[in-house]
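Right, one structure below, let's go through it.
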Amino acid sequence: MAAALRGRGSGGGALLVRLLNPPRRSFNHVFRAEELQVELAQGAPPPPGGAPGPFGRSFTPHMLWVEWGRERGWGPPRIRPLRDLGLHPAACGLHYGIALFEGLRAFHGADGRVRLFRPELNMERMERSARRLCLPTFDRGELLECIRALVRVESAWVPRGGGASLYIRPVLLGTEAALGVAPPSQALLFALLCPAGPYFAGGALSPVRLLADPRHCRAWPGGAGDCKVAG
């Protein structure tokens, strides 16, 4: 075949080079915090005053958004105004639970500075959950820097007061519109924030009553008990 291609005039050699060395498509194995794009919301509401309301009911006006596709890899990370998700009804994350989430908090220290509580451990578990669900992996440090940037944008929403914090909910889910259990070819990573009071109504040091029922088990050998997955 090579000889035949070379014999077709002066362009044969160039054609052979193109066939044997096709141009490589750009594929991003990771996204970078230095590529973060920021779009601020116009007319965003001010943070509410006083103590935070019920957990998970009010949200800050911005979110982190990163798209992934099997052909191109990760797109650039973006901080954008909070918006609804546009998912196809057949999105695999809805039907087969190909979705994971994390939960971490930002709070004011005694010196007034805003800090995150052991976020590296959350990033470690989030990546482990992604591998378990055949979702795309990511650089934990880069994601953490993007989350830090989001918290800086929303720093006025970090509540003050004992036990209050800004709750951070990163999510990664398969968005491919396809029925059938298979690793998704499209995924979306996003994070949203909400001001939150103490997790327990009586405060962090107040005892709570628990019921241990052996009929129901969340974790089992070989299962996903070490991950934080939907469902």
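Position 1 is the first residue of the sequence; numbering continues from there.
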Test item: H95 side-chain N/O and L179 main-chain N/O as donor-acceptor pair under 3.5 Å: no

Is the number of heavy atoms from other residues, nucleotides or ligands under 6.0 Å of R57 CZ greater than 12? no

Is it possible for you to say whether M126 and V66 belong to one hydrophobic cluster, with membership spreading through side-chain heavy-atom contacts below 4.5 Å? yes

Answer whether the closest heavy-atom distance between the side chains of F190 and L64 falls below 4.5 Å. no

Check A164 against R160 and note the closest heavy-atom contact, atom names and distance. CB-O, 3.9 Å

Side chains of R148 and P119, heavy atoms from C-beta outward: is any pair under 4.5 Å? yes

E102 side chain reached by R125 side chain, heavy atoms, under 4.5 Å: yes

Taking the side chain as everything from C-beta on, heavy atoms only, tell me whether L166 gets closer than 4.5 Å to V114. no

Enter the distance from I98:CD1 to C134:SG here, rounded to the nearest 0.5 Å. 8.0 Å

Is there a side-chain contact between R128 and D226 (heavy atoms, below 4.5 Å)? yes

Same cluster for L104 and V229 if Ile/Leu/Val/Met/Phe/Trp/Tyr side chains link at under 4.5 Å? yes

Ignoring hydrogens and angles, tell me if any N or O in the side chain of H62 forms a donor-acceptor pair with the backbone of A41 under 3.5 Å. yes

Can you tell me how far the CG atom of L87 sits from the CD atom of Q186, to the nearest 0.5 Å? 10.5 Å

Examine distances only and state if a side-chain atom of N28 and a backbone atom of F31 form a donor-acceptor pair shorter than 3.5 Å. no

Just by distance, do the side chain of S185 and the backbone of R70 share a donor-acceptor pair under 3.5 Å? no

Check F138 against L172 and note the closest heavy-atom contact, atom names and distance. CE2-CD2, 4.3 Å

Shortest non-hydrogen contact from C92 toward P184: SG-CB, 3.6 Å

Would you find a donor on one side and an acceptor on the other, under 3.5 Å apart, between the side chain of Y167 and the backbone of G56? no

Heavy-atom neighbours of D84 CG exceed 12 at 6.0 Å: no

Would you call T60 and L82 a side-chain contact if the rule is heavy atoms closer than 4.5 Å? no

Is the closest basic N to carboxylate O distance between R32 and E35 below 4.0 Å? no

Within this structure, what is the CG-CG distance for the pair D139 and L144, rounded to the nearest 0.5 Å? 10.0 Å

If you compare all heavy atoms of G174 against all heavy atoms of L135, which two are closest, and at what distance to 0.1 Å? N-CD2, 3.7 Å

Tell me whether L193 shares a hydrophobic cluster with L116, the cluster being built from Ile, Leu, Val, Met, Phe, Trp, Tyr side chains joined at under 4.5 Å. yes

For L143 and R140, run side chain to side chain contact (heavy atoms under 4.5 Å, CB included): C-alpha distance rounded to whole Å, both residues' side-chain angles, the deciding distance at 0.1 Å, then the answer. CA-CA 5 Å; L143 174 56; R140 299 181 301 218; 6.0 Å; no

Begin with the C-alpha distance, continue with both residues' side-chain angles, and end with the deciding distance and a verdict on side chain to side chain contact (heavy atoms under 4.5 Å, CB included) for R169 and F101. CA-CA 7 Å; R169 169 55 61 88; F101 65 98; 3.5 Å; yes

I'd like to know if L94 and L188 are part of one continuous hydrophobic network [Ile/Leu/Val/Met/Phe/Trp/Tyr, side-chain heavy atoms within less than 4.5 Å]. yes

Do L36 and I168 belong to the same hydrophobic cluster, where Ile, Leu, Val, Met, Phe, Trp and Tyr are linked whenever their side-chain heavy atoms lie under 4.5 Å apart, directly or via other members? yes

Of P61, C194, P47, the residue whose pairing with E154 passes side-chain contact (heavy atoms from CB on, under 4.5 Å): P61

So, the side chain of W157 versus the backbone of V151: is there a donor-acceptor pair under 3.5 Å, distance only? no

Judged by atom type as modelled, is there a donor-acceptor pair below 3.5 Å linking the side chain of N122 to the main-chain atoms of G103? yes

Nearest 0.5 Å, please: how far is CG in L85 from CG in L173? 7.0 Å

H108 and R113: side chain to side chain contact (heavy atoms under 4.5 Å, CB included), yes or no, with the steps? CA-CA 5 Å; H108 282 286; R113 294 178 59 189; over 6 Å; no

Can you find a heavy atom in the side chain of L192 that is under 4.5 Å from one in the side chain of W65? no

Are F117 and F107, when compared by the centres of their aromatic rings, separated by less than 6.0 Å? no

Taking R215's backbone N and O only, do any of them form a donor-acceptor pair with D213's side chain (distance below 3.5 Å, no angle check)? yes

Between CZ of R72 and CD of E67, what distance do you get to the nearest 0.5 Å? 6.0 Å

Compare all side-chain heavy atoms of T137 with those of R131 and state whether any distance is below 4.5 angstrom. yes

About how many Å separate OG of S129 and NZ of K228, when rounded to the nearest 0.5 Å? 9.0 Å

